[in-house]
Amino acid sequence: MNLRFGILGGTFDPIHIGHLIIAEEARHRYDLEKVIFVPAFVSPLKAEIECSSPSHRLKMVELAIEKNDHFSVSNTEIERGGISYTIDTLRETREIYGKDAELFFIVGADAVREMLKWKDPEMILSECTIVAVSRPGFPLDHLEDFIPKRSSDGKPGTERVVIMEIPSIGISSSDIRQRVATGRPFRYMVPEAVWSYIMQTGLYR
Ligand code: ATP
Ligand code: MG
């Protein structure tokens with residue numbers, strides 16, 4: 001069997017337990033060798049929104065995943081600079097792992113519903129399988145409305161996207177940022193080391 005790799009892209013501002021839960025679930029369900037977390041330099045659909053520096057976001061991902069041997073972090077989008085397009089990251093990942101590697105791009109339902117606004121969505125579907133993860137507030141029951149009809153190599157879009165139902169996690173980075181800013185609790189929404197990092201650096205205050 002070809003080796004399978006998961007990729008979880010995001011802003012990770014900050015990384016939270018939702019990200020870790022979906023990565024671990026996907027790893028188990030699709031037999032992934034590992035899951036690579038890829039913090040964006042600038043997320044295409046968030047270009048106008050201010051976020052923390054790449055070094056803070058990268059550091060928090062490193063702290064969050066350090067105890068899991070099946071998780072790794074890639075700074076490729078940060079190094080590349082500019083707007084971070086998924087298609088570029090998929091191609092770079094394929095260059096590293098070879099043409100036989102099977103890539104699984106893990107995306108929450110909110111992001112999948114925007115897929116037609118991504119750069120080269122048909123091409124993305126021929127490079128990887130999209131793992132669309134359930135997320136409260138973002139129904140996926142009209143999936144075909146949100147994804148390309150076909151991949152650039154001619155497969156039906158619905159064959160290239162799998163839905164991964166998980167127990168609902170109502171946690172988001174934006175809610176955590178707001179909690180920090182207004183002095184409400186967030187401690188167990190992020191791994192302990194990330195909590196300490198946020199407290200020490202004064203991020204989001
Ligand atoms: P923000 O509120 O700043 O957008 P976020 O919690 O959505 O933060 P991102 O870094 O934007 O975190 O997300 C990275 C990826 O993880 C996206 O594909 C997103 O849909 C997915 N994701 C994040 N939180 C969850 C969750 N609670 N359930 C399912 N998927 C999630
Ligand atoms: Mg988000």
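All values derive from a computational prediction rather than experimental measurement. Read the numbers this way: they start at 1 and go in the same order the structure lists the ligands and their atoms. The figures that follow rest on heavy atoms only: side chains count, while hydrogens, waters and symmetry mates do not.
Between the side chain of R4 and the main chain of Y30, a donor-acceptor pair closer than 3.5 Å is present.
The shortest side-chain heavy-atom distance between I22 and R135 does not fall under the 4.5 Å cut-off.
The aromatic rings of F37 and F12 lie tilted to each other, with the angle between the two planes from 30° to 60°. By the 30° and 60° cut-offs, the orientation of the rings of F105 relative to W118 is perpendicular.
Taking 4.0 Å as the cut-off, G9 counts as a neighbour of ligand 1 on heavy-atom distance. Using a 4.0 Å cutoff on heavy atoms, D13 does not count as a contact of ligand 1.
Near S172, the atoms of ligand 1 lying under 4.0 angstrom from a non-hydrogen atom of the residue are 2 (O), 6 (O). If you number the atoms of ligand 1 from 1 as listed, the ones under 4.0 Å from a heavy atom of H16 come out as 6 (O), 23 (C), 24 (N). Near V107, with a cut-off below 4.0 Å to any heavy atom, the atoms of ligand 1 are 18 (O).
Taking any N or O of I169, backbone or side chain, at least one lies under 3.5 Å from an N or O belonging to ligand 1. Residue P136 places no N or O, backbone or side chain, under 3.5 Å from any N or O of ligand 1. The shortest N or O to N or O distance between F12 and ligand 1 is under 3.5 Å.
Between E92 and R80 a salt bridge is recorded (basic side-chain N to carboxylate O distance below 4.0 Å). A salt bridge links R94 to E127: at least one charged side-chain nitrogen sits closer than 4.0 Å to a carboxylate oxygen. A salt bridge between R27 and E33 is absent, with no side-chain N of the basic residue lying under 4.0 Å from a carboxylate O of the acidic one.
The part of S134 lying near ligand 1 is the backbone, judged by heavy-atom distances below 4.0 Å. Contacts between I171 and ligand 1, counted as non-hydrogen atom pairs separated by less than 4.0 Å, involve the backbone only.
A donor and an acceptor atom, one from each side chain of S173 and D13, are nowhere located under 3.5 Å apart. Residues S126 and K155 bring no donor and acceptor atom of their side chains to less than 3.5 Å of each other.
Protein heavy atom closest to atom 2 (O) of ligand 1, with residue, atom name and distance, is S174 OG, 2.4 Å. If you check which protein heavy atom lies closest to atom 3 (O) of ligand 1, you get R177 NH1, 3.1 Å. Nearest protein neighbour of atom 20 (O) of ligand 1, counting heavy atoms only, is D110 OD1, 2.5 Å. Among protein heavy atoms, atom 26 (C) of ligand 1 sits closest to R135 NE, 3.4 Å. In terms of protein heavy atoms, atom 11 (O) of ligand 1 is closest to K46 NZ, 3.1 Å. Closest to atom 18 (O) of ligand 1 among all protein heavy atoms lies G108 N, 2.9 Å. Of the protein's non-hydrogen atoms, H19 NE2, 3.0 Å is the one closest to atom 12 (O) of ligand 1.
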>> I'd like to know whether E95 forms a salt bridge (Lys or Arg N to Asp or Glu O under 4.0 Å) with R91, so could you lay out the CA-CA distance, the side-chain angles of the two residues, the decisive distance to 0.1 Å, and finally the verdict.
In response: CA-CA 6 Å; E95 260 179 35; R91 287 190 173 134; over 6 Å; no
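Both V61 and I171 are part of a single hydrophobic cluster, where members link through side-chain heavy atoms under 4.5 Å apart.
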